[in-house]
Amino acid sequence: MNIPFYELKSMTQTEEGYEACVSLNPDNPVYKGHFPNQPVAPGVLLMNMCREVAEKVLSKEVRIKTA
């Protein structure tokens, strides 16, 4: 069963760029092993979420080269 890590709620273009509103899914199994009772979203998943949102904005594949 694939439980999504996040849901993109909305995306708005502003004068500065884009603003994305996301909702993290507390039922995702990553939280069971990543500090139980004090869940923390793993940085690698947050970076992947940012990449996926950037792909939606740009309508093309995005690769993170350095971080």
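The figures that follow rest on heavy atoms only: side chains count, while hydrogens, waters and symmetry mates do not. Computed from a prediction, not measured in an experiment: that's the story for all the values here. The chain is numbered in sequence order, starting from 1.
- Following chains of ILVMFWY side-chain contacts shorter than 4.5 Å, one can reach Val44 starting from Val53, so the two form part of one hydrophobic cluster.
- Residue pairs that meet the salt bridge (charged side-chain N to carboxylate O under 4.0 Å, His left out) test with at least one member in residues 12-24, sequence neighbours left out, do not exist here.
- With sequence neighbours excluded, the residues that form a salt bridge (charged side-chain N to carboxylate O under 4.0 Å, His left out) with Lys9 are Glu7.
- Heavy atoms of other residues, nucleotides or ligands lying less than 6.0 angstrom from CE of Met47 number 12 at most.
- Ser10 contributes atom OG, which lies 7.0 Å from atom CG of Leu8 (distance to the nearest 0.5 angstrom).
- Among residues two or more places apart in sequence or in another chain, the side-chain hydrogen bond (donor to acceptor under 3.5 Å, both in side chains) test is passed with Tyr6 by Glu52.
- Residues in residues 21-40 take part in no salt bridge (charged side-chain N to carboxylate O under 4.0 Å, His left out) pair, two or more places apart or across chains.
- Identified under the salt bridge (charged side-chain N to carboxylate O under 4.0 Å, His left out) test for residues 55-67, with sequence neighbours left out: Arg51-Glu55.
- Among all heavy-atom pairs drawn from Leu24 and Ala41, the shortest one is CD1-CB, 4.2 Å.
- Judged as a side chain to side chain contact (heavy atoms under 4.5 Å, CB included), and not counting sequence neighbours, the contacts of Leu45 are Phe5, Val30, Pro42.
- Between Ile3 and Asn28, the shortest heavy-atom contact is O-ND2, 2.8 Å.
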